[in-house]
Amino acid sequence: MYAHVSVLARELGELLHPGPGKRFLDGTLGGGGHSEQLLIASDPDGQVMGLDRDDEALAAASERLRRFGARFLARQASFADARESLAQAGWDKVDGVILDLGVSSHQIDSPERGFSFRANARLDMRMDRRQLLDGAQIINSYGEAALEKIFRDFGEEPQARRLARTIVAERKFKAISTTEELTQLVARVKRGRKRDHHPATQVFQALRIAVNDELGELQRFLDFGYELLRPQGRVAIISFHSLEDRLVKTAFRRWASSCLCPPRALTCRCGWSQKVKLITKKPLVASDQEVANNPRARSAKLRVVERV
């Protein structure tokens, strides 16, 4: 059973304006909750294409949404490759795009996937299990400087240097191949330090982001995402940590600008024109009730733009 609760579902339903005849791209299909909501609200002939890198998610969501027949299309692909996926299906533009970023509840709760420090498993962390690079390979083959950069940049880990140095020293004697081995090493390095979360939280986040190139995939989408939209179509992105939200905020402001020339330029020479207008000036966050029902929603931030 693929268990995953969609975050900010009501807000997305209101902001994306689903309706008959419209087409939507769900770039992070997951358990299919957001796609299901769009399909119901777009009855009788609205369509949704769902993309996901995770084959388990794709299979589970396809089964959940089977009752919608040809109105739902599924592809195993990254949202960074959305243009190619739409072209393969013969779709030109869409009326809305959803990205619900980050790891899913199912991936965290499946010990064999190696995403969580709460269960022992191979240090995997791949969203797309067709790719070769996994967490164990990064931990056991990347140099000290590269590991430090991953922990510092992607996990904002204050002990990044010490952790990287300790990992490189430890793996000379024995490979660090499981979640438990890495968790114990992190706990040993960070022993005695006060914190309000598990000591391995930031390291596991950083490693997961590196394995799946999450920020790179997001940036690639943000280089062209507005091009997918019909006039008045909307892109809605839910982020879960500051690194993602910063990229989204910066890109949306760029899309909404009428000129990208330096402020002191006397005349515009950039050739840029406004692509979207901002629908959410500040990110929307989950209500207290939603957070109580789904703690994962606590850090969620939703930003939305509309094609002009």
>> salt bridge (Lys or Arg N to Asp or Glu O under 4.0 Å) for Lys275 and Glu306? Distances and angles first, verdict last.
In response: CA-CA 8 Å; Lys275 313 301 181 186; Glu306 179 180 286; over 6 Å; no
> Which residues pass the salt bridge (Lys or Arg N to Asp or Glu O under 4.0 Å) test with Asp223, sequence neighbours left out?
Replying inline: none
> Considering residues at least two apart in sequence or located in another chain, which fulfil the ring-ring contact (aromatic ring centres under 6.0 Å, His included) criterion with Phe115?
Replying inline: none
> Quick one: CZ on Phe24 to CE on Met49, what's the gap to the nearest 0.5 Å?
Replying inline: 14.0 Å
>> Quick one, Asp55 with Arg129, criterion salt bridge (Lys or Arg N to Asp or Glu O under 4.0 Å). Give me CA distance, side-chain angles, the key distance, then yes/no.
In response: CA-CA 8 Å; Asp55 58 318; Arg129 290 184 289 186; 3.1 Å; yes
> With side chains defined as the heavy atoms from C-beta onward, is the minimum distance between Val211 and Arg208 less than 4.5 Å?
Replying inline: no
> Regarding Gln131 and Arg126, is there a side-chain donor-to-acceptor distance under 3.5 Å anywhere?
Replying inline: no
> Is any side-chain N of the basic residue among Asp134 and Arg122 closer than 4.0 Å to the acidic one's carboxylate O?
Replying inline: yes
> Roughly how far, to the nearest 0.5 Å, is the CG atom of Leu51 from the CG atom of Asp54?
Replying inline: 13.0 Å
> Please walk me through it: do Glu290 and Arg298 pass salt bridge (Lys or Arg N to Asp or Glu O under 4.0 Å)?
Replying inline: CA-CA 8 Å; Glu290 181 173 2; Arg298 183 180 295 109; over 6 Å; no
>> Determine whether Glu170 and Arg188 satisfy the following criterion, salt bridge (Lys or Arg N to Asp or Glu O under 4.0 Å), listing intermediate values before the conclusion.
In response: CA-CA 12 Å; Glu170 290 283 324; Arg188 190 170 76 243; 2.8 Å; yes
>> Working to the nearest 0.5 angstrom, can you tell me the gap between Cys261 SG and Trp272 CH2?
In response: 12.0 Å
>> Rounded to the nearest 0.5 Å, what separates atom CG in Asp26 from atom CG in Leu12?
In response: 9.0 Å
> So which heavy atom on Ala236 is nearest to which on Val304, and how close?
Replying inline: CB-CG2, 3.9 Å
> Just wondering, are more than 12 heavy atoms of other shown residues or ligands nearer than 6.0 Å to NZ in Lys277?
Replying inline: no
> Just checking, any donor-acceptor pair under 3.5 angstrom between side chains of Glu217 and Ser78?
Replying inline: yes
> Can we call the ring centroids of Phe154 and Phe151 under 6.0 Å apart?
Replying inline: no
> Considering residues at least two apart in sequence or located in another chain, which fulfil the side-chain hydrogen bond (donor to acceptor under 3.5 Å, both in side chains) criterion with Glu148?
Replying inline: Arg152, Arg161
> When Asp95 is tested against each of Arg23, Arg234, His17, Arg230 for side chain to side chain donor-acceptor pair (under 3.5 Å), which residue passes?
Replying inline: Arg230
> Is it true that atom NZ of Lys301 has more than 12 heavy atoms of other residues, nucleotides or ligands lying nearer than 6.0 Å?
Replying inline: no
>> If we ignore hydrogens and angles and just use 3.5 Å, is the side chain of Ser116 paired with the main-chain N or O of Arg118 as donor and acceptor?
In response: yes
> For the atom pair CZ (Arg113) and OG1 (Thr179), what is the distance rounded to the nearest 0.5 Å?
Replying inline: 13.5 Å
> Are a donor atom and an acceptor atom from the side chains of Asp100 and Thr28 found within less than 3.5 Å of each other?
Replying inline: no
> Say you draw a straight line from CZ of Arg83 to CG of Leu25; how long is it, rounded to the nearest 0.5 Å?
Replying inline: 12.5 Å
>> Whether Arg66 engages the ring of Phe72 as a cation-pi pair (distance to the six-membered ring centre under 6.0 angstrom, angle to the ring normal within 45°) should be assessed.
In response: no
>> Check this for me: does any side-chain nitrogen of one of Lys249 and Asp245 sit under 4.0 Å from a carboxylate oxygen of the other?
In response: no
